[in-house]
Amino acid sequence: MDKKEIVSMLEEISSLLDLKGEDKFKISAYSRAARSISQSTDDVVSLIREGEAKKIPGVGEALSKKLTEFVETGRLTFLEELRSSLPEGLPQLFNIHGLGPNKVRTLYEQLDVKSIAELEYACKENRLVTLKGFGQKTQDKVLDEIARFKENSEYRLLDVIHETAASIASLLDKLSGVERYEFTGSYRRRREVIHDIDCVIKFKSGERDKLFAALGKLKGVKEVRETQNDLVSLVWENGIPVEFIIVNKAEYPLAVLHSSGSKEFFAHLKEYASTRGYTLGMRELKRGRDKINFDSEEEIFGQIGLQYIPPELREDGDAVVAAAKGNIPELVTEEDIRGIFHVHTNWSDGAEPLDRMVAAASKLGLSYFGLSDHSKSAFYANGLDEKRLKEQGRLVDEMNKGLKDFFVFKGSEVDILADGKLDYSDAVLKTLDFSVGSVHSKLSMKKDEATKRLTAALKNPYMTFLGHMTGRLLLGRSGYELDMDEIIKTAARNRKIIEINANPHRLDIDWRFIKRAKEAGVRFSINPDAHSKEGLADYRYGVSIARKGWLTKEDLLNTMSLEEVKKFLKNAKS
DNA sequence: GCCGTTTTCGGCCCGACTGTTTTCAGTCG
């Protein structure tokens with residue numbers, strides 16, 4: 001039993017109660033408890049076992065009993081009864097953007113819709129338009145969203161894949177018959193969303209067949225899809241497809257190269273190789289009839305006359321063109337990051353007090369961070385009014401005096417209001433070291449208005465970073481539309497820093513956009529948008545996105561030393 | 001279902017947006 005199971009149990013109850021139309025405050029009590037437990041730094045399971053569940057904020061008498069039952073027996077009668085009172089597929093419908101509890105209930109009660117498949121059928125038969133509260137537009141939108149859901153539901157965020165890959169790695173490390181292995185595919189390229197995990201394995205001579213059999217029996221395998229030639233195709237217990245490609249020593253480097261790049265990239269590579277008189281295949285490289293041997297990917301690139309191309313860049317032909325000219329830059333690495341911005345504490349909606357965040361960041365080897373709790377308009381996040389902001393500033397000053405190898409910059413994640421103004425006056429913003437301008441209320445879907453709002457904010461000298469901007473481009477939520485070129489132009493002209501939001505659940509920024517902005521001369525910062533100690537380390541995901549955007553150390557603010565950053569931020573305000 | 005230096009009962013984060021209405025309900029962040 002772990003924390004995650006408890007959290008998902010509570011979340012499930014919450015959404016089932018929602019479907020039943022229960023009291024909304026009761027519903028939110030469950031989701032509040034789930035959030036509280038997932039953010040808790042205590043050993044929640046032990047706490048519950050010891051009968052101390054009520055010490056968890058948001059857990060009272062009733063929940064305490066349920067949690068105890070769940071932890072002790074692994075089951076919860078209440079949840080089981082709740083489940084059996086509703087059709088199994090119904091909660092699925094929540095995945096369709098725009099459908100909430102009331103609409104789903106209407107669909108079930110009036111049309112007997114119990115699953116996404118049935119919903120799609122009902123739309124196609126034009127049955128939604130007859131329902132009260134529904135109309136043509138809603139039906140069209142539901143159909144669109146179903147299509148989007150189908151397209152995206154098979155993709156997972158990078159951090160989820162990362163976790164699964166790590167557990168696979170620990171199993172492979174112990175498996176005899178494995179000489180070497182490398183995760184390849186879009187995971188190695190560090191895409192933000194990933195469909196499956198690919199892994200190339202070099203087998204120990206003579207142990208090929210044994211290895212084939214062993215892979216299908218790994219702990220964590222849910223299903224063996226197929227085994228043929230050099231491929232073992234599995235489904236992992238969490239539903240993620242995993243493909244192992246098993247090759248010999250001679251094939252290994254090219255198999256890794258082939259499996260790591262996108263199809264488009266490999267086609268460009270192949271074409272380039274042929275102009276140099278080589279035939280590049282999936283498993284062998286030939287010059288005329290002669291097979292060429294090599295021990296590493298580096299040697300293959302060298303052989304066909306290309307500079308080494310880091311995996312993150314192996315998306316399209318651009319990297320091949322650049323490598324031919326020797327123009328692949330030295331990309332930023334995790335070690336280059338000296339500090340981070342966009343950090344929350346429990347003054348607004350973070351989980352930890354400031355001192356614990358400082359200690360955790362320091363432990364990660366960082367030498368500064370920028371504190372940015374929410375501004376006053378973000379009531380839902382307990383945003384700071386001017387008075388509390390000032391008070392927090394005093395706390396930071398006091399703390400900085402006592403710190404030897406760490407520095408906290410005073411800042412705010414300041415809301416960009418509907419008219420493009422910021423949530424604090426210039427006089428207040430002036431007292432801060434920096435600010436991250438963010439839009440929280442929904443941006444109007446109208447492209448012109450949304451762009452106008454952001455460009456107005458970009459012109460404010462007291463907004464340092466443009467945060468949260470391209471919004472939910474991924475995983476099925478259509479973001480707001482913006483005129484990106486206009487944003488880039490204005491950001492460059494006003495010397496703004498664009499934040500690379502490294503929170504793996506947000507991933508607000510697309511590397512294609514980063515590349516365009518870089519070319520326009522915009523500078524970036526990797527900001528983790530950390531709400532907990534664990535969240536601080538998310539800057540690592542930001543590094544991989546930065547690399548995909550071809551960023552070097554020079555393109556980032558937070559590769560600067562503390563003294564340089566201080567100077568930079570001071571100049572930025574003047 | 002939780003919680004209390006206003007309260008053991010009566011509140012609970014709130015505003016924007018969309019599409020459906022003919023003055024508002026539902027959903028989202």
Side-chain angles (χ1 to χ4, degrees), chain A residues 9-11 13-37 53-68 76 78-79 82 93-110 128-145 348-349 374-385 413 415-420 423 438-447 449-450 453 467-473 475-481 501 503 505-506 508 529 531:
Chain A
M9 179 270 287
L10 291 170
E11 281 169 350
I13 292 178
S14 167
S15 52
L16 289 176
L17 291 176
D18 217 346
L19 277 178
K20 299 203 93 171
E22 292 270 351
D23 177 62
K24 63 181 179 139
F25 297 110
K26 185 169 166 182
I27 294 161
S28 62
Y30 279 93
S31 46
R32 217 176 26 243
R35 205 175 329 123
S36 159
I37 288 175
K54 280 166 88 173
K55 284 193 175 158
I56 305 163
V59 175
E61 194 59 45
L63 269 176
S64 170
K65 271 193 190 138
K66 291 191 171 86
L67 288 173
T68 308
L76 184 61
F78 177 70
L79 175 59
L82 203 53
L93 298 186
F94 279 132
N95 290 313
I96 305 305
H97 198 244
L99 293 187
N102 291 308
K103 286 222 159 73
V104 169
R105 208 175 326 115
T106 307
L107 286 166
Y108 172 50
E109 285 167 0
Q110 310 282 319
L128 262 61
V129 291
T130 61
L131 295 175
K132 192 172 155 57
F134 288 71
Q136 189 64 48
K137 277 194 175 175
T138 307
Q139 181 172 283
D140 293 347
K141 193 167 165 263
V142 167
L143 265 181
D144 278 353
E145 292 293 344
S348 64
D349 61 350
H374 287 278
S375 62
K376 59 182 174 185
S377 286
F379 331 87
Y380 58 89
N382 193 21
L384 280 62
D385 59 16
E413 175 171 4
D415 266 54
I416 297 172
L417 306 175
D419 56 2
D423 200 16
S438 297
V439 173
H440 286 104
S441 62
K442 269 203 234 165
L443 262 184
S444 160
M445 292 301 276
K446 288 186 201 104
K447 197 169 178 173
E449 281 172 32
R453 182 168 168 188
H468 287 307
M469 53 160 326
T470 59
R472 301 168 294 284
L473 283 171
L475 289 177
R477 296 290 152 95
S478 52
Y480 36 80
E481 268 199 71
N501 194 317
N503 184 324
H505 297 288
R506 294 264 162 71
D508 275 346
D529 191 5
H531 286 77

Output one line per pair: protein atom, nucleotide atom from nucleotides 4-8 of chain B, and distance, for all N/O pairs under 3.5 Å.
none

ask   = What integer number of Å spans the C1' atoms of B/dC13 and B/dT23?
value = 25 Å
Residues forming a side-chain contact (heavy atoms from CB on, under 4.5 Å) with A/Ala33, sequence neighbours excluded = A/Leu10, A/Val59, A/Leu63
inquiry  = Please give the distance between the C1' atoms of B/dT6 and B/dC12 as a whole number of Å.
reply    = 16 Å
A/Arg32 CZ - B/dC13 P separation (whole Å) = 6 Å
key: Earlier contact from the 5' end, DNA chain B, for A/Gly133 and A/Phe78   = A/Phe78
key: For atom CD1 of A/Ile37 and atom C1' of B/dC2, their distance in whole Å   = 13 Å
With A/Thr68 via side-chain contact (heavy atoms from CB on, under 4.5 Å) - residues at least two apart = A/Ile48, A/Ser64, A/Glu72
request  = Nearest whole angstrom, please: distance from the P of B/dC9 to the CD of A/Glu61.
outcome  = 17 Å
query = Rounded to whole angstroms, how far apart are NZ on A/Lys132 and P on B/dT21?
reply = 7 Å
request  = Round to the nearest Å and state the distance from A/Asn503 atom CG to B/dG29 atom C1'.
outcome  = 15 Å
task = Only pairs at least two apart or in different chains count here, so list each side-chain hydrogen bond (donor to acceptor under 3.5 Å, both in side chains) that has a residue in residues 15-24 of chain A.
result = A/Lys20-A/Ser85
ask   = Roughly how far apart, to the nearest Å, are B/dT27 and B/dT21 at atom P?
value = 15 Å
A/His374 to A/Glu413 - nearest heavy-atom pair and separation = CE1-OE1, 3.4 Å
inquiry  = Between B/dG10 and B/dG15, how many Å separate the two P atoms, rounded to a whole number?
reply    = 24 Å
For nucleotides 24-26 of chain B, give me every protein contact, N/O to N/O, under 3.5 Å, one pair per line with atom names.
none

key: Approximate separation, where rounding is to 0.5 Å, of A/Glu11 CD and A/Arg35 CZ   = 9.5 Å
request  = Using side-chain hydrogen bond (donor to acceptor under 3.5 Å, both in side chains) as the criterion, list what pairs up with A/Lys376, not counting sequence neighbours.
outcome  = A/Glu386
Between B/dG29 (C1') and A/Asp529 (CG): distance, integer Å = 14 Å
query = B/dC14 pairs with which nucleotide, Watson-Crick or G-U wobble, both distances below 3.5 Å?
reply = B/dG29
query = Are A/Thr138 and B/dT18 close enough that a side-chain N or O sits under 4.0 Å from OP1 or OP2?
reply = no
request  = Start with the C-alpha distance between A/Leu107 and A/Leu128, add both sets of side-chain angles, then the distance that settles side chain to side chain contact (heavy atoms under 4.5 Å, CB included), and finish with yes or no.
outcome  = CA-CA 8 Å; A/Leu107 286 166; A/Leu128 262 61; 3.9 Å; yes
request  = Describe the nucleic acid contact of A/Lys66 in one word from base, sugar-phosphate, nothing, applying a heavy-atom distance below 4.0 Å.
outcome  = sugar-phosphate
query = Of all residues at least two apart in sequence or in a different chain, which pass the side-chain hydrogen bond (donor to acceptor under 3.5 Å, both in side chains) check with A/Asn102?
reply = A/Arg105
task = Please determine, for the side chain of A/His97, which listed nucleotide (B/dT20, B/dG1, B/dG29) has the closest atom?
result = B/dG29
inquiry  = Between B/dA16 and B/dG11, how many Å separate the two C1' atoms, rounded to a whole number?
reply    = 24 Å
key: Along DNA chain B (nearest heavy atom to each residue), the more 5'-positioned of A/Gly135 and A/Val104   = A/Gly135
request  = Measure the distance from CD on A/Glu145 to P on B/dT27 and round it to the nearest whole Å.
outcome  = 14 Å
task = Grab the CZ-C1' distance between A/Arg35 and B/dC13 for me, whole Å please.
result = 10 Å
remark   = For A/Gln136, the side-chain contact (heavy atoms from CB on, under 4.5 Å) test, sequence neighbours excluded, returns A/Asn126, A/Val129, A/Gln139, A/Asp140
query = Got a sec? Which of residues 18-28 of chain A come in under 4.0 Å of DNA chain B, heavy atoms?
reply = A/Asp23, A/Phe25, A/Lys26
request  = Could you name each residue pair satisfying salt bridge (Lys or Arg N to Asp or Glu O under 4.0 Å) that touches residues 55-64 of chain A, not counting sequence neighbours?
outcome  = A/Glu52-A/Lys55, A/Lys54-A/Glu61
message = Give me the distance, rounded to whole Å, that separates B/dA25 from B/dT20 when you measure between the P atoms they each carry.
response = 16 Å
request  = Determine the interatomic distance between C1' on B/dG1 and the same-named atom on B/dT8; round to the nearest Å.
outcome  = 15 Å
task = Decide whether A/Asp349 and A/His531 meet the rule of one side-chain donor and one side-chain acceptor closer than 3.5 Å.
result = yes
query = What residues, two or more places apart in sequence or in another chain, satisfy side-chain hydrogen bond (donor to acceptor under 3.5 Å, both in side chains) together with A/Lys66?
reply = A/Tyr30
query = Who passes side-chain hydrogen bond (donor to acceptor under 3.5 Å, both in side chains) against A/Ser377, sequence neighbours left out?
reply = A/Asp423
